[in-house]
Amino acid sequence: RSSDLLSDFQDALKNREITFYLQPQCRASTGAIVGAESLARWISPDGNVILPGAFVPVLEKYGFITELDMYIWERVCSWLHNQKKQGREPLPISVNISQIDFFTIDVPRYLASLTEKYEIPKNILKLEITESACGEDSEKVREAMDELRKMGFTLFMDDFGSGYSSLNMLRSTKVDVIKIDAQFLNINKEEEKKGISILETIIYMTKNLATPVIAEGVESEAQVDFLRSAGFGYGI
């Protein structure tokens with residue numbers, strides 16, 4: 001039941017059962033790791049790993065997603081701080097910002113306070129904002145995104161192509177990197193020509209906008225080869 005899950009979630013936060021895993025971001029041409037994305041995981045006391053699909057939709061439905069986001073943001077900042085403290089130069093890590101976060105808290109001020117608290121530069125904390133949030137017709141969201149960029153954060157448009165992507169949105173939304181949805185990589189023989197056409201169009205648009213593109217959901221060498229030939233610079 002949702003009520004049980006929400007109660008268990010509150011306990012999980014207190015007991016630090018929620019953590020994050022890092023999904024590497026690689027340069028397509030060389031395979032070198034140039035960054036990573038933080039992925040929330042819930043590890044129950046019995047050792048089972050609960051994937052986001054089992055709890056994130058419930059948190060979103062009942063307005064608890066911001067608690068999760070704030071928790072992960074701080075854990076990531078703490079991890080980056082510890083990396084620097086141990087003499088390592090950490091690669092940039094990206095965190096997710098949910099649409100509701102912009103209406104629940106002052107996102108720019110909160111993230112700025114975390115980077116100050118943990119003494120990390122803003123350019124190593126990347127911010128992933130969903131396509132639907134980027135396209136939100138809200139002055140509050142637009143102002144927050146503008147402020148974040150002015151502060152020195154890098155903004156990613158996440159899940160491009162999964163919602164209502166449009167040329168107008170790309171023209172009006174100020175982001176630094178675009179991530180395409182993994183569905184475009186699931187190319188079979190019947191849909192190969194369509195998939196290639198979509199990818200070529202995305203590449204053309206983003207090159208004209210001087211915006212880098214990351215392909216998310218790369219799982220095979222064949223997909224890496226395809227991305228290289230298509231002109232993508234990075235994959236996850």
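Given the structure is predicted, the values throughout are model-derived calculations rather than measurements.
- A distance-only check finds a donor-acceptor pair linking the side chain of N15 to the backbone of D11 [under 3.5 Å].
- Residues V107 and I105 are in side-chain contact: their nearest non-hydrogen atoms beyond the backbone lie under 4.5 Å apart.
- Considering CE of M151 and CG of L127, their distance stands at 10.5 Å, rounded to 0.5 Å.
- Remark: the E128 side chain and the S94 side chain contain an N/O donor-acceptor pair separated by less than 3.5 Å.
- The structure places OG of S2 at 4.0 Å from OH of Y62, a figure rounded to the nearest 0.5 Å.
- In terms of heavy-atom proximity, V58 sits nearest to L6 at CG1-CD2, 4.0 Å.
- Atom CZ of F9 and atom CD of E17 lie 11.0 Å apart (nearest 0.5 Å).
- Aromatic ring orientation, W73 versus Y110: tilted (interplanar angle from 30° to 60°).
- Between K84 and I120 there is a side-chain heavy-atom pair separated by less than 4.5 Å.
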For this session: Given side chain to side chain contact (heavy atoms under 4.5 Å, CB included), test D8 with W42 step by step and report yes or no.
Result: CA-CA 11 Å; D8 290 344; W42 181 348; 3.9 Å; yes
For this session: Check step by step if side chain to side chain contact (heavy atoms under 4.5 Å, CB included) holds for E119 and H81.
Result: CA-CA 7 Å; E119 301 176 319; H81 171 79; 3.7 Å; yes
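- The two residues Y21 and I43 have their closest heavy-atom pair at OH-CD1, 3.8 Å.
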Problem set entry | Derivation of the side chain to side chain contact (heavy atoms under 4.5 Å, CB included) call for M145 and I129 | CA-CA 9 Å; M145 290 176 63; I129 304 171; 4.0 Å; yes
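- Here L22 contributes atom CG and I93 contributes atom CD1; the two are 4.5 Å apart, rounded to the nearest 0.5 Å.
- R41 places a side-chain heavy atom less than 4.5 Å from the side chain of P52.
- For R75 (side chain) and I18 (main-chain N/O), a donor-acceptor pair under 3.5 Å exists by modelled atom type.
- Nearest approach of F153 to A112, heavy atoms of both residues: CZ-N, 4.2 Å.
- Note on V49: it does not cluster hydrophobically with V56, by side-chain heavy-atom contacts below 4.5 Å among ILVMFWY residues.
- There is a side-chain donor-acceptor pair under 3.5 Å between E67 and Q10.
- N82 places no side-chain N or O within donor-acceptor distance of the main-chain N or O of W79, the cut-off being under 3.5 Å.
- Put simply, L39 and I33 are part of two different groups of oily side chains (I, L, V, M, F, W, Y) that touch within less than 4.5 Å, one to the next.
- Separating the CD1 atom in I72 from the OG1 atom in T19 is a distance of 6.5 Å, to the nearest 0.5 Å.
- Shortest non-hydrogen contact noted between R16 and Y71 is CA-OH, 3.3 Å.
- Taking both residues in full, the closest heavy atoms of I100 and G63 are given as CD1-CA, 4.4 Å, listed atom of the first, atom of the second, then distance.
- Nearest heavy-atom pair across I124 and P90 is CD1-CG, 4.0 Å.
- No side-chain heavy atom of V76 sits under 4.5 Å from any side-chain heavy atom of Y118.
- Each of D69, L155, L111 was checked for a side-chain contact (heavy atoms from CB on, under 4.5 Å) with I97, and the lone residue meeting it is L111.
- By the side chain to side chain donor-acceptor pair (under 3.5 Å) test, K117 is found to be paired with E74, residues two or more places apart in sequence or in another chain being considered.
- Rounded to the nearest 0.5 angstrom, F102 CZ and K140 NZ are separated by 10.0 Å.
- Proximity of P92 to L125: side-chain heavy atoms (C-beta onward) are nowhere separated by under 4.5 Å.
- With sequence neighbours excluded, no residue satisfies side chain to side chain donor-acceptor pair (under 3.5 Å) with E116.
- Taking 4.5 Å as the limit, some side-chain heavy atom of F55 sits within range of a side-chain heavy atom of L5.
- Every residue two or more places apart in sequence or in another chain was checked for a side chain to side chain donor-acceptor pair (under 3.5 Å) with T115, and none qualifies.
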